There are 2 protein chains.
Amino acid sequence: MDGKKSSGGDPARSVALLWGSHTKAGRSGLTVRAIVEAALGIAGAEGLDALSMRRVAERLGVGTMSLYTHVPGKTELTDLMIDTAYGQLYDDVDAPASQPGGWRGAMEFVAARNWDLYLRHPWMLQIVTARPVVGPNASLKYEAELRPLEGIGLSDIEMDSVLTLILTHVEGTARVRASLEQVQQNTGMSETEWWLASAPALEKVMDASRFPVASRVGQAAGQAHNGATDPAHALDFGLARILDGVAALIARR
Amino acid sequence: MDGKKSSGGDPARSVALLWGSHTKAGRSGLTVRAIVEAALGIAGAEGLDALSMRRVAERLGVGTMSLYTHVPGKTELTDLMIDTAYGQLYDDVDAPASQPGGWRGAMEFVAARNWDLYLRHPWMLQIVTARPVVGPNASLKYEAELRPLEGIGLSDIEMDSVLTLILTHVEGTARVRASLEQVQQNTGMSETEWWLASAPALEKVMDASRFPVASRVGQAAGQAHNGATDPAHALDFGLARILDGVAALIARR
DNA sequence: TCGTGTTCCGTACGATGTACCGTACAGAGT
DNA sequence: ACTCTGTACGGTACATCGTACGGAACACGA
């Protein structure tokens with residue numbers, strides 16, 4: 001129920017592992033790349049809860065402990081998974097910068113791509129990255145996402161801050177989205193079904209007059225969104241506000 | 001390493017548990033309230049990883065399985081922990097609304113209080129709340145945080161969206177903060193120490209000229225923040241941008 | 001041919017959440 | 001006062017996890 005740790009071991013070893021070629025095979029053909037891909041397959045198909053070293057080994061037809069010859073531990077494996085997923089984001093470092101609509105269009109593109117990323121890899125949202133993974137693809141991602149902010153009147157620090165703000169927004173919203181979907185899958189109930197199931201019990205116990213604003217707004221939002229929250233709407237609304245705020249910062253110069 | 005689940009059982013039972021009095025004691029004096037407090041004590045002192053049903057029972061001098069008489073499972077226990085933590089946020093429903101500085105001052109207050117909440121209860125950030133906990137204190141929190149947005153020119157739905165945006169920002173930033181602190185605690189290295197430990201390995205393997213913008217901006221941000229990221233700065237910067245964006249939305253009317 | 005180092009992996013340990021089921025007690029009914 | 005019954009308590013057991021340990025099997029340079 002809580003977050004699993006990440007990045008506990010030797011930094012130098014982790015860095016070397018992330019930036020290595022991943023193709024050196026032993027006598028059973030076992031490769032770091034193969035291990036990572038198997039892990040991605042499991043996490044993608046059955047979620048992070050289903051990901052265990054035993055399952056990975058099983059999928060590769062290999063003893064469980066053989067994995068530890070190539071990978072220090074599960075922590076480092078997930079780091080590799082994350083960086084691999086990042087690699088699917090942009091096929092070109094200048095993809096965001098060459099988007100129409102200036103820096104704003106570029107940032108909308110960045111947000112959309114990250115949103116898609118979490119949609120395709122919801123397990124990423126369950127990993128508590130104790131430290132940002134500095135792999136090759138993560139570095140490329142950072143470069144690609146910073147470039148459109150170059151030369152528009154922001155200081156270096158502001159460029160970093162703006163990007164962080166946007167990415168935090170997307171990630172947080174995607175986390176809500178993934179949570180909703182997971183419950184839907186666990187309980188077999190849709191968002192509205194679950195709400196209807198708890199409504200009678202709630203009404204019996206909660207005095208709505210104590211929460212006048214909350215009940216009115218909650219009701220309105222619930223009806224508009226077909227459920228308590230609509231992550232897709234939250235993404236767009238939030239991004240629009242954020243970009244307006246950034247535009248105001250730039251205009252102030 | 002991944003997020004633990006939440007809210008898997010019967011909705012009605014969960015609601016009743018959350019809104020109940022928590023004082024009915026059996027013959028050994030065991031209470032839902034006592035269980036929740038013990039759990040909060042463990043999570044607060046040693047983190048969520050240290051929280052187990054056995055540890056809670058041990059702390060209460062009680063058999064492990066006795067807990068299950070009062071609480072359906074660990075999932076519901078964490079739900080109760082969360083709602084209890086929410087109870088410490090505002091001592092008055094009108095605390096945010098009666099803050100100086102209008103709606104903007106109120107939202108800054110709300111953000112600061114939530115920031116403090118996660119600072120005091122970092123374990124909350126590790127729980128994957130599969131569904132927002134609708135307990136009494138969560139409801140009060142929602143009401144208190146919505147009130148300052150009343151009557152300033154936003155629709156009901158926009159009120160909800162604005163609040164969600166702010167809370168998502170605070171939570172996401174707090175998550176980064178908690179992650180950094182946890183690594184610091186796990187590895188015994190400070191932010192800068194860890195970075196210095198991986199720097200030589202990174203330089204050996206990463207060609208900085210491939211990431212011109214990233215390395216320049218990263219360097220600048222790293223120096224300004226005494227580490228790769230400065231969550232406190234990210235909080236303030238992001239909140240300022242967001243509130244500017246909201247102000248622009250209101251002004252547009 | 002013989003070290004010698006690397007890769008593979010079977011076994012085992014200490015955790016975890018909780019299902020199951022027996023036991024023991026508190027309070028109601030007589 | 002005595003029995004009956006429902007609830008609270010908790011011991012044991014199971015499946016699962018990450019991984020430490022150490023032996024076996026192989027590749028390869030000398």
Side-chain angles (χ1 to χ4, degrees), chain A residues 1-10 13 22-35 38-39 42-43 46-81 126-128 130 186, chain B residues 1-10 13 22-35 38-39 42-43 46-81 126-128 130 186:
Chain A
M1 179 178 303
D2 32 77
K4 293 167 189 172
K5 281 161 289 180
S6 180
S7 298
D10 175 28
R13 166 113 196 241
H22 305 165
T23 53
K24 282 176 292 183
R27 65 176 180 273
S28 79
L30 203 50
T31 316
V32 173
R33 179 180 305 285
I35 293 173
I42 293 169
E46 306 175 51
L48 196 62
D49 291 350
L51 180 69
S52 73
M53 299 304 270
R54 277 173 244 259
R55 292 265 291 133
V56 172
E58 185 189 349
R59 179 180 258 243
L60 291 169
V62 121
T64 307
M65 294 312 291
S66 304
L67 304 177
Y68 286 87
T69 306
H70 304 267
V71 157
K74 201 192 183 187
T75 297
E76 288 79 2
L77 175 54
T78 55
D79 282 352
L80 284 164
M81 291 169 67
Q126 294 184 38
I127 296 181
V128 179
N186 283 352
Chain B
M1 178 179 301
D2 32 77
K4 292 165 188 172
K5 280 160 289 177
S6 181
S7 298
D10 174 27
R13 165 111 197 243
H22 304 166
T23 52
K24 281 177 293 181
R27 63 178 181 272
S28 81
L30 202 51
T31 314
V32 172
R33 180 182 304 286
I35 293 173
I42 293 169
E46 305 175 51
L48 195 63
D49 291 349
L51 181 69
S52 74
M53 298 304 270
R54 278 174 243 260
R55 293 263 295 138
V56 172
E58 186 188 351
R59 179 180 257 244
L60 292 169
V62 122
T64 307
M65 293 313 290
S66 303
L67 304 178
Y68 286 86
T69 305
H70 303 267
V71 158
K74 201 192 183 187
T75 297
E76 288 79 1
L77 175 54
T78 55
D79 282 352
L80 284 163
M81 291 169 66
Q126 295 185 37
I127 296 181
V128 180
N186 284 353

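Order of the sequence lines fixes the chain letters, A, B, ..., with proteins taken first and strands second; residue numbering starts at 1 for each chain. Worth saying up front: this structure is predicted, and the values here are computed from it rather than measured.
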Requested in this report: Any chance you could lay out the side-chain contact (heavy atoms from CB on, under 4.5 Å) test for A:Thr69 and A:Leu30, step after step, and finish with the verdict?
Outcome: CA-CA 9 Å; A:Thr69 306; A:Leu30 203 50; over 6 Å; no
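- For the residue pair A:Leu51 and A:Val56, the shortest heavy atom distance occurs at CD1-CG2, 3.6 Å.
- To the nearest angstrom, P of C:dA15 lies 18 Å from CG of B:Leu48.
- Among residues two or more places apart in sequence or in another chain, the side-chain contact (heavy atoms from CB on, under 4.5 Å) test is passed with B:Ala43 by B:Met81, B:Trp123.
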For a quick test of your reading: what N or O donor-acceptor pairs under 3.5 Å do the side chains of residues 57-65 of chain A make, sequence neighbours left out?
none

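- Shortest non-hydrogen contact noted between B:His70 and B:Val32 is O-CG2, 3.6 Å.
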Query raised in the report: Just by protein heavy atoms under 4.0 Å, how would nucleotides 7-13 of chain C read 5' to 3' in B, S and -?
Result: BBBBBB-
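- Where DNA chain D meets chain A (any atom under 4.0 Å from a heavy atom), the bounding nucleotides read 5' to 3' are D:dC17 to D:dC26.
- Not counting sequence neighbours, the partners of A:Arg55 by the salt bridge (Lys or Arg N to Asp or Glu O under 4.0 Å) test are A:Glu46.
- Between A:Asp49 and A:Gln126, the closest heavy-atom pair is OD1-OE1, 3.8 Å.
- A:Thr31 and A:His22 make their closest contact through CG2-O, 2.5 Å (heavy atoms, listed as atom of the first residue, atom of the second, distance).
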